[in-house]
Enquirer: 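Pasting in a structure now, in structure tokens, and then I'll have a few things to ask.
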Amino acid sequence: MPDFNNLFINNRNWADRIEREQPGFFKQLSEQQAPEYLWIGCSDSRVPADEIVGLMPGELFVHRNVANLVVHSDMNCLSVLQYAIDILKVKHILVVGHYGCGGVKAALLNQRVGFVDNWLRNVKDVYALHRQQIDCLETEDQRVNRLRYPQK
């Protein structure tokens with residue numbers, strides 16, 4: 001069984017360090033959320049959204065899903081969009097992918113990965129629209145990355 005206690009200890013250490021470096025940070029953060037950006041990105045654990053754009057907690061409203069999709073039938077994503085626009089008044093919406101996306105690769109190679117296959121159907125549809133442009137590329141990595149960014 002995993003030792004969740006370490007996660008709690010790490011969180012406490014992080015919070016203590018932030019409070020030492022910026023006294024009152026958490027009190028101020030709890031009283032206001034006014035991000036200028038909504039980040040819609042992949043669930044990939046290697047992509048820490050706020051860190052890679054140099055923003056602090058509260059400065060980036062984040063929604064994540066496998067392969068960073070925005071789909072007309074995804075009530076969760078649509079709710080995040082509506083809240084970000086109507087309530088938080090974000091000024092910019094970023095749909096951010098990354099190279100080597102496992103979800104995109106699974107869709108491209110038609111790999112069966114379970115329940116998420118239903119979600120990846122959307123990526124497979126994009127592949128079907130751009131198949132000629134994607135299949136002519138030399139390597140699998142090039143094809144995965146082109147499918148992630150078909151407009152290039």
Enquirer: Would you find a donor on one side and an acceptor on the other, under 3.5 Å apart, between the side chain of R64 and the backbone of D44?
Expert: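 Flag set: sc R64 to bb D44 pair under 3.5 Å.
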Enquirer: Could you tell me which non-hydrogen atom of D74 sits nearest to which non-hydrogen atom of W119, and how far apart they are?
Expert: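 Heavy atoms only, the tightest pair is OD2-CH2, 3.2 Å.
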Enquirer: Please say yes or no: joined through hydrophobic side-chain contacts below 4.5 Å, possibly via intermediate residues, are V126 and V71 part of one cluster?
Expert: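 Yes: a chain of side-chain contacts under 4.5 Å links V126 to V71.
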Enquirer: Measure across C77 and I40 and return the closest heavy-atom pair with its distance rounded to 0.1 Å.
Expert: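 Answer, listing the atom of C77 first, then I40: SG-CD1, 4.2 Å.
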Enquirer: Please determine whether a side-chain nitrogen of the Lys or Arg among R121 and D125 lies less than 4.0 Å from a carboxylate oxygen of the Asp or Glu.
Expert: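 Yes.
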Enquirer: Can you tell me if NE2 on H72 sees more than 12 non-hydrogen neighbours from other groups inside 6.0 Å?
Expert: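 Not buried by this count: 12 neighbours or fewer within 6.0 Å.
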Enquirer: If you compare all heavy atoms of A67 against all heavy atoms of V123, which two are closest, and at what distance to 0.1 Å?
Expert: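 Scanning both residues completely, I find the closest heavy atoms to be CB-CG2, 4.2 Å.
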Enquirer: Flag yes if I93 and V62 sit in one hydrophobic cluster, no otherwise; membership is Ile, Leu, Val, Met, Phe, Trp, Tyr, and two members link when side-chain heavy atoms are under 4.5 Å apart.
Expert: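 Per the 4.5 Å side-chain linkage, I93 and V62 are not co-clustered.
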Enquirer: Is the F26 to W14 ring centre distance short of 6.0 Å?
Expert: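 Yes; W14 has its ring centre under 6.0 Å from that of F26.
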Enquirer: Is there a donor-acceptor pair closer than 3.5 Å between any side-chain N or O of E51 and the backbone N or O of P48?
Expert: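 A pair under 3.5 Å: no.
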Enquirer: Do L60 and F25 belong together in a cluster built from hydrophobic side chains that touch within less than 4.5 Å?
Expert: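 Each belongs to a different hydrophobic cluster.
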Enquirer: Does the distance from a Lys or Arg side-chain N to an Asp or Glu carboxylate O, for E36 and K89, drop under 4.0 Å?
Expert: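 Salt bridge absent between E36 and K89.
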Enquirer: Is NZ or CZ of R12 both nearer than 6.0 Å to the six-membered ring centre of F8 and within 45° of the ring axis?
Expert: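 Here R12 fails the 6.0 Å and 45° test against F8.
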Enquirer: Taking a hydrophobic cluster as the set of Ile, Leu, Val, Met, Phe, Trp and Tyr residues connected by side-chain heavy atoms closer than 4.5 Å, whether directly or through intermediates, do Y127 and V70 fall within one such cluster?
Expert: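 No, Y127 and V70 fall in different hydrophobic clusters.
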Enquirer: Can you check whether L78's main-chain N or O pairs, donor with acceptor, with Q82's side chain at less than 3.5 Å?
Expert: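 No: the side chain of Q82 does not pair with the backbone of L78.
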Enquirer: Using a 4.5 Å cut-off on heavy atoms from C-beta on, say whether the side chain of Y83 contacts that of L88.
Expert: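 Yes; the side chains approach each other to less than 4.5 Å.
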Enquirer: Determine, stepwise, if the pair E59 / D50 fulfils side chain to side chain contact (heavy atoms under 4.5 Å, CB included).
Expert: CA-CA 8 Å; E59 296 181 327; D50 55 344; over 6 Å; no
Enquirer: Has Q28 got more than 12 heavy atoms of other residues, nucleotides or ligands less than 6.0 Å from its CD?
Expert: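 Open.
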Enquirer: For the side chain of R143 and the backbone of L137, is there at least one donor-acceptor N/O pair under 3.5 Å apart?
Expert: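 Yes; judged by distance alone, with no hydrogens or angles, the pair exists.
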Enquirer: Decide if atom CD of Q132 counts as having more than 12 heavy atoms of other residues, nucleotides or ligands within a radius under 6.0 Å.
Expert: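 Open: at most 12 neighbouring heavy atoms sit under 6.0 Å from CD of Q132.
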Enquirer: Let me check something: do V95 and I85 share a hydrophobic cluster, defined by ILVMFWY side-chain heavy atoms less than 4.5 Å apart, either directly or through other members?
Expert: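 Hydrophobic grouping puts V95 with I85.
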Enquirer: Does a side chain donor of either H63 or N76 reach within less than 3.5 Å of an acceptor in the other side chain?
Expert: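 A donor-acceptor contact under 3.5 Å links the two side chains.
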